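Please read these numbers as outputs of a predicted model, since none were measured by experiment.
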Amino acid sequence: MRARPISPSLVVEELADRITASGRDSWSRVLIDGAPPAAPSDLADALVSPLRALGRDVVRVSARDFLRPASLRFEHGRNDPDVFYDEWLDAGGLVREVLGPLEPSGTGRVLPSLWDAALDRATRADYVRVRPGGVLLLDGSLLLGRGLPFELTVHLSLSRGALARRTSGDQAWTLPAYARYDAEVAPVRTADVVLKVDDPGHPALITDV
């Protein structure tokens, strides 16, 4: 595996250029995938302003706002890594409300959030209209390998040791889910773009796997 050191600012610049290289006739659905300590939401947030400066409409969505109700997530206990991996995400809701409307024949009408997991109730968010050529920036964890449709997938990779060190003690029970993800999905091989972020201030672009 070869890696090219790259500054965080250049990561954003190169990704924005790659996203906007596509035409303006259809939408671009971009996934920023990574465990929470890799901060995929931060990278997705950082892309918003540059993309808008390049003339693209942008909608930001987080997979954590498309979790299933607590009664389903915790049916077999609160700390089951396999249920966390397989059952927490409302993938159907994400496709129905976000990804499907941005298909070439879609409406462009997106629901940015569906479920508030902390309050365990619907967010009652308003739909937003994404103009043709607009960009969806979706961040989340364990999202590759589910058959979800994206035009570009970015994976933020952490070594097992780095992930363990940067995962808080109350979330250590999730680590087997990420080990399973690496084994079953191999996101480093699956994603279109892979960034190694063991040192968040000095990422590296994986150029050969």
Quick one: does S41's side chain have a donor or acceptor within less than 3.5 Å of a partner on D139's backbone? no
Nearest 0.5 Å please: distance from the OG1 atom of T20 over to the CG atom of L54. 5.0 Å
Rounded distance [0.5 Å steps], CG in L72 versus CG in L67: 11.5 Å
Does the S62 side chain pair with the main chain of D65, one donor and one acceptor, at a distance under 3.5 Å? no
With a 3.5 Å distance limit and no angle check, can you tell me whether R146 reaches the backbone of L142 through a side-chain donor-acceptor pair? yes
For Y127, does the six-membered ring have the charged nitrogen or CZ of R109 within the cation-pi criterion, i.e. under 6.0 angstrom from the centroid and within 45° of the normal? yes
Does a side-chain heavy-atom distance below 4.5 Å link E103 with P149? yes
Yes or no on side-chain contact (heavy atoms from CB on, under 4.5 Å) for V193 and R18, after CA distance, side-chain angles and deciding distance? CA-CA 10 Å; V193 177; R18 179 161 178 171; 3.3 Å; yes
Would a 4.5 Å heavy-atom cut-off, applied to side chains only, mark P203 and P8 as touching? yes
Could you tell me whether R73 and E87 have a side-chain N and a carboxylate O separated by less than 4.0 Å? no
Is it true that T123 and D116 share a donor-acceptor pair across their side chains at a distance under 3.5 Å? no
Quick check, are the ring centers of W88 and F66 under 6.0 angstrom apart? no
Under 4.5 Å between side-chain heavy atoms, counting indirect links through other Ile/Leu/Val/Met/Phe/Trp/Tyr residues: same cluster for V197 and L205 or not? yes
Smallest separation among heavy atoms of S28 and I19, with atom names: OG-O, 4.1 Å
Output yes when a side-chain donor or acceptor of T167 lies under 3.5 Å from a complementary backbone atom of A164, and no otherwise. no
D33 and Y181 side chains, donor-acceptor separation under 3.5 Å: yes
Is the closest basic N to carboxylate O distance between R166 and D198 below 4.0 Å? no
Between S157 and V194, which heavy-atom pair has the shortest distance, and what is it? CB-CG1, 4.1 Å
So, are D86 and R180 salt-bridged, with charged N and O less than 4.0 Å apart? yes
Going by atom types alone, do W27 and D57 pair a side-chain donor with an acceptor below 3.5 Å? no
L158 side, atom CG; R165 side, atom CZ - distance, nearest 0.5 Å: 9.0 Å
Criterion side-chain contact (heavy atoms from CB on, under 4.5 Å) against L31, the qualifying member of V154, D192, L144: L144
For E14 against I6, the heavy-atom pair lying closest together: OE1-CD1, 3.7 Å
Counting heavy atoms not belonging to D199, are there more than 12 under 6.0 Å from its CG? yes
Would you say that T107 contacts P101 through its side chain, given a criterion of any heavy-atom pair below 4.5 Å between the two side chains? yes
Find the distance between OG1 (T153) and CG (L138) and round it off to the nearest 0.5 Å. 11.5 Å
What are the two closest heavy atoms between G140 and A63, and how far apart are they? CA-CB, 4.0 Å
Sub-4.5 Å side-chain heavy-atom contact between L175 and P81: no
Note, K196 side chain near S159 side chain (heavy atom, < 4.5 Å): yes
With W173 as reference, evaluate Y85, F84, Y178 under the ring-ring contact (aromatic ring centres under 6.0 Å, His included) test and give the passing residue. F84
When hydrophobic residues are tied together by side-chain contacts of less than 4.5 Å, even through go-betweens, does V48 share a cluster with L156? yes
Should we say atom CZ of R131 is surrounded by more than 12 heavy atoms from elsewhere, each under 6.0 Å from it? no
With a 4.0 Å cut-off, would you call R189 and E184 a salt bridge? no
Please tell me whether I32 and L51 are part of a single hydrophobic cluster in this structure, the criterion being side-chain heavy atoms less than 4.5 Å apart. yes
Would you say L111 ends up clustered with W115 if hydrophobic residues are merged whenever their side chains have heavy atoms under 4.5 Å apart, either directly or through other cluster members? no
Closest non-hydrogen contact found for R160 with A179 is NH2-CB, 3.7 Å
Atom pair CG (L15) and CG (L152), whose distance is rounded to the nearest 0.5 Å: 7.0 Å
Group every Ile, Leu, Val, Met, Phe, Trp and Tyr by side-chain heavy-atom contacts under 4.5 Å, then state whether V128 and L47 land in the same group. yes
So do V12 and L43 actually touch side chain to side chain, heavy atoms under 4.5 Å? yes
Between R60 (side chain only) and L137 (backbone N and O only), is there a donor and an acceptor less than 3.5 Å apart? yes
Judged by atom type as modelled, is there a donor-acceptor pair below 3.5 Å linking the side chain of R29 to the main-chain atoms of L99? yes
Roughly how far, to the nearest 0.5 Å, is CG of L143 from NE2 of H155? 11.0 Å
